[in-house]
Amino acid sequence: QVQLVESGGGLVQAGGSLRLSCVVSGRIFSNNAMGWFRQAPGKEREFVAGIWWGTANTDYSGSVKGRFTISRDNAKNTVYLQMNSLKPDETAVYYCAAAPYLSRIVGQYKTWGQGTQVTVSS
């Protein structure tokens, strides 16, 4: 069974950067995908970025493309989300999740981490 543990959240000023990590324990197959999502208070959980574990092909939401980078390290079983030029409205709990294929749909992801808080001050 796959388990996910996120870390790297914190408080950062607008325009700053953070790198989130998601350590994956258990078996991840090359045809699986990992995604990062975020959920702000009172809002729905939304897709941020995703990556195919095997090919490392990626997908990004339009709002973060060019500022965020998702990557994975097979040797460390870890997925990263490098976030640059952060904005106050990106304050949210960030989650990583695993799915059988790359998707932007929350419901396609069956395994979730506990989340890590990212707060961007203005």
Closest non-hydrogen atom pair, Trp36 against Ser21: CH2-O, 3.7 Å
If you look at every heavy atom in Ala49 and Leu81, which pair is closest and at what distance? CB-CD1, 4.1 Å
Is there a chain of hydrophobic side chains (I, L, V, M, F, W, Y, each step under 4.5 Å between heavy atoms) that links Val106 to Leu102? yes
Please check if the side chain of Arg104 supplies one atom and the backbone of Val48 the other of a donor-acceptor pair under 3.5 Å. no
With disulfide bond (SG atoms under 2.5 Å apart) as the rule and sequence neighbours excluded, what pairs involving residues 33-82 come up? none
If you look at every heavy atom in Trp53 and Asn74, which pair is closest and at what distance? NE1-OD1, 3.1 Å
Pairs touching residues 102-122 that satisfy ring-ring contact (aromatic ring centres under 6.0 Å, His included), sequence neighbours left out: Phe37-Tyr109, Phe37-Trp112
Distance in Å, Ser121 OG paired with Gln13 CD, rounded so as to fall on 0.5 Å steps: 5.0 Å
Would you say CD of Glu46 has more than 12 non-hydrogen atoms from neighbouring residues, nucleotides or ligands within 6.0 angstrom? yes
Does Phe47 share a hydrophobic cluster with Tyr80, counting links as ILVMFWY side-chain heavy atoms below 4.5 Å and allowing steps through other members? no
Hits for side chain to side chain contact (heavy atoms under 4.5 Å, CB included) against Gln82, two or more places apart or cross-chain, chain-then-number order -> Ser17, Arg19, Thr69, Asn84
For a quick test of reading the model, state the closest non-hydrogen atom pair linking Leu18 to Leu86 and the distance between them. N-CD1, 4.0 Å
Student check: side-chain heavy atoms of Leu4 and Met34 closer than 4.5 Å: yes
Check Thr111 against Val2 and note the closest heavy-atom contact, atom names and distance. CG2-O, 3.4 Å
If you round to the nearest 0.5 Å, how far is CD of Gln108 from NZ of Lys110? 5.5 Å
Check step by step if side-chain hydrogen bond (donor to acceptor under 3.5 Å, both in side chains) holds for Trp52 and Asp59. CA-CA 9 Å; Trp52 280 106; Asp59 185 28; over 6 Å; no
Which atom pairs, donor and acceptor, lie under 3.5 Å between side-chain atoms of residues 90-98 and protein residues at least two apart or in another chain?
from, atom 1, to, atom 2, distance (Å)
Glu90, OE1, Arg67, NH1, 3.0
Glu90, OE1, Lys87, N, 3.0
Glu90, OE2, Arg38, NH1, 3.2
Glu90, OE2, Arg67, NH1, 3.4
Glu90, OE2, Arg67, NH2, 2.5
Thr91, OG1, Pro88, O, 2.9
Thr91, OG1, Val120, N, 2.9
Thr91, OG1, Val120, O, 3.4
Tyr94, OH, Arg38, NH1, 3.1
Tyr94, OH, Glu90, O, 2.8

Can you name the side-chain hydrogen bond (donor to acceptor under 3.5 Å, both in side chains) partners of Ser7, sequence neighbours left out? none
For residues 58-87, which residue pairs pass the disulfide bond (SG atoms under 2.5 Å apart) check, not counting sequence neighbours? none
Under 3.5 Å: donor-acceptor pair, side chain of Asn77, backbone of Val24: yes
Min side-chain heavy-atom separation Phe68-Ser61 under 4.5 Å: no
When rounded to the nearest 0.5 Å, the distance separating OG1 of Thr58 from CZ of Arg72 is 11.0 Å
Indicate yes or no: at least one non-hydrogen side-chain atom of Val5 is less than 4.5 angstrom from one of Gln114. yes
